[in-house]
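Supplied in structure tokens, the structure appears directly below.
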Amino acid sequence: MRRQREAGGYFTVEAAIVLPVVLGVYVFLITVLLVQYDRCVLEQDMASMIVKVSNRTGTPQQQLEYLQELTAAWDREQYLWIQPQSPHFAIQGQRISVEAMGEYGIPVYDSLAGIRGPHQLKMSFLLYNWDRTALAKMLAGRNETFSEVR
């Protein structure tokens, strides 16, 4: 007859301890990657809004109204983990700035670290909107104020 080999019970206990830890690490990494993905999408949305406004001619008030139209048409359903808030815009002369925020929570980390409440993701963009003629002159070196800087 064959002799059967007996396995000790310690292997089952180790698997019962290690498996939840490994699964917890996977859930944490997936959550962090989803937040990173949403941060990238939010960054692209804000950058595309700024570029669209900088290509539009008009007074700063007209550009600000166009930014508000873009914000109203902004698709917030594409975000997987964060809840974005309405961005804040400022147009001062040739300078356009955007500040966007979003809130998110990490379920396992919040309970383990003792940190309660949603975390905030905050980003800011700044773009100088040059007149196309002035920009072409600056790049060609024809403007005296810019040629002194070089």
Side-chain angles (χ1 to χ4, degrees), residues 11-150:
F11 194 73
T12 305
V13 173
E14 286 179 4
I17 292 173
V18 170
L19 188 63
V21 171
V22 170
L23 288 176
V25 169
Y26 281 150
V27 167
F28 177 75
L29 289 175
I30 289 171
T31 304
V32 169
L33 290 174
L34 288 174
V35 170
Q36 179 66 15
Y37 169 78
D38 283 348
R39 186 194 66 78
C40 291
V41 171
L42 182 63
E43 189 173 294
Q44 287 292 0
D45 285 346
M46 295 301 109
S48 69
M49 283 184 195
I50 282 187
V51 169
K52 285 178 184 177
V53 168
S54 69
N55 288 332
R56 188 176 179 109
T57 58
T59 66
Q61 183 61 32
Q62 291 172 334
Q63 289 179 332
L64 191 59
E65 289 171 1
Y66 183 61
L67 270 172
Q68 291 170 348
E69 290 173 16
L70 289 174
T71 303
W74 181 29
D75 182 22
R76 291 184 174 98
E77 298 296 320
Q78 65 186 341
Y79 298 97
L80 300 173
W81 200 262
I82 66 171
Q83 291 85 33
Q85 300 170 354
S86 293
H88 301 285
F89 303 104
I91 299 177
Q92 298 171 346
Q94 297 172 337
R95 183 177 146 190
I96 303 172
S97 62
V98 175
E99 184 177 295
M101 295 179 67
E103 292 184 348
Y104 64 94
I106 302 176
V108 176
Y109 178 74
D110 289 347
S111 60
L112 291 177
I115 301 172
R116 299 284 178 223
H119 305 284
Q120 287 192 347
L121 172 70
K122 185 176 182 180
M123 59 183 59
S124 300
F125 289 97
L126 180 66
L127 177 73
Y128 286 94
N129 187 15
W130 295 95
D131 180 26
R132 293 182 200 280
T133 309
L135 182 62
K137 285 180 181 179
M138 180 189 75
L139 293 175
R142 294 183 188 168
N143 196 339
E144 290 79 28
T145 58
F146 293 112
S147 60
E148 292 174 6
V149 176
R150 293 209 234 149

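Predicted, not measured: the structure shown is a model, and the values here were computed from it.
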Practice problem: Over all heavy atoms of both residues, which pair between Pro20 and Ala15 is shortest? Give the atoms and the distance, please. | Solution: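 Of all heavy-atom pairs spanning Pro20 and Ala15, the closest is CD-O, 4.1 Å.
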
Practice problem: Identify the residue among Val25, Val32, Thr31, Ile30 that makes a side-chain contact (heavy atoms from CB on, under 4.5 Å) with Phe28. | Solution: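 That would be Val32; it is the only one of Val25, Val32, Thr31, Ile30 passing the side-chain contact (heavy atoms from CB on, under 4.5 Å) with Phe28.
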
Quiz item: Hey, is the main chain of Arg56 close enough, under 3.5 Å, to the side chain of Gln63 for a donor-acceptor pair?
Solution: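 Checking the backbone N and O of Arg56 against the side chain of Gln63, a donor-acceptor pair under 3.5 Å is found.
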
Quiz item: Atom CD of Gln85 and atom CD of Glu99: how far apart are they, to the nearest 0.5 Å?
Solution: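 Output value for this atom pair is 10.0 Å.
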
Exercise. Kindly state each residue pair satisfying salt bridge (Lys or Arg N to Asp or Glu O under 4.0 Å) with at least one member in residues 22-34, sequence neighbours excluded.
Key: none

Quiz item: Rounded to the nearest 0.5 Å, how far apart are CG of Leu33 and CH2 of Trp81?
Solution: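 That separation rounds to 11.5 Å.
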
Only distances under 3.5 Å count here; give the side-chain donor-acceptor pairs of residues 39-48 to other protein atoms, sequence neighbours excluded, each with its distance to 0.1 Å.
| residue | atom | partner | partner atom | Å |
| --- | --- | --- | --- | --- |
| Arg39 | NE | Gln36 | OE1 | 3.4 |
| Arg39 | NH1 | Glu43 | OE1 | 2.8 |
| Asp45 | OD2 | Trp74 | NE1 | 3.0 |
| Asp45 | OD2 | Gln78 | NE2 | 2.6 |
| Asp45 | OD2 | Tyr79 | OH | 2.5 |
| Ser48 | OG | Gln44 | O | 3.3 |
| Ser48 | OG | Asp45 | O | 2.9 |

Exercise. Check the pair Leu67 / Met49 against side chain to side chain contact (heavy atoms under 4.5 Å, CB included), numbers first and verdict last.
Key: CA-CA 7 Å; Leu67 270 172; Met49 283 184 195; 4.2 Å; yes

Self-check item: Nearest non-hydrogen partners of Leu80 and Leu34, listed with the distance
Solution: CD1-CD2, 3.6 Å

Practice problem: Could you list all the salt bridge (Lys or Arg N to Asp or Glu O under 4.0 Å) pairs where at least one residue sits in residues 71-81, not counting sequence neighbours? | Solution: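 Listed by first then second residue: nothing to list.
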
